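Here is the structure we will look at.
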Amino acid sequence: MSKKKILVIEDEPSVLENIIELLENFNFEVIGAPNGRIGIESAYTFIPDLIICDVLMPDIDGFDVLSSLKASQV
């Protein structure tokens, strides 16, 4: 059985690192993105089973990430 993949989009480096570490300890395959733009790009290449996204981020916030991914059916 393959590991479930989770994409974490979070602009605060220490929070991103902590979430990734926690999820990896539960045997998930995790990739982190430091902002919404990279998060969207990562969703296309990584094809996660779940995306955990911060809402309040500069430039592209969590709602814009959701809208973009929903529009493209990723």
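All values derive from a computational prediction rather than experimental measurement.
Note that the CD1 atom of Ile40 and the CZ atom of Arg37 stand 7.5 Å from one another [nearest 0.5 Å]. Asp61 contributes atom CG, which lies 12.0 Å from atom CG of Asn35 (distance to the nearest 0.5 angstrom). The distance from the OG atom of Ser2 to the CG atom of Asp49 is 7.5 Å, given to the nearest 0.5 Å. With rounding to the nearest 0.5 angstrom, the CG atom of Leu7 is 5.5 Å from the OG atom of Ser42. Interatomic distance, CG of Leu66 versus CD1 of Ile60, reported as 13.0 Å (0.5 Å rounding).
Residue pairs meeting the side-chain hydrogen bond (donor to acceptor under 3.5 Å, both in side chains) criterion with at least one member in residues 5-19, sequence neighbours excluded, do not occur.
For the pair Gly36 and Val65, the tightest heavy-atom approach, listed with the atom from each and the gap, is CA-CG2, 3.6 Å. The two residues Gly62 and Cys53 come nearest to each other via the heavy atoms CA-SG, 3.7 Å.
In this structure, the side chain of Asn25 engages the main chain of Glu21 through a donor-acceptor pair within 3.5 Å. Checked by atom type and distance alone, the side chain of Ser68 never pairs as donor or acceptor with a backbone atom of Asp64 at under 3.5 Å.
Linking ILVMFWY side-chain heavy atoms closer than 4.5 Å, directly or via other members, places Phe46 and Tyr44 in a single hydrophobic cluster.
Side chains of Ile9 and Ile51 form a contact here, defined as non-hydrogen atoms less than 4.5 Å apart.
Through direct or indirect side-chain contacts shorter than 4.5 Å among Ile, Leu, Val, Met, Phe, Trp and Tyr, Val15 is connected to Ile6, Val8, Leu16, Ile19, Ile20, Leu22, Leu23, Phe26, Phe28, Val30, Leu50, Ile52.
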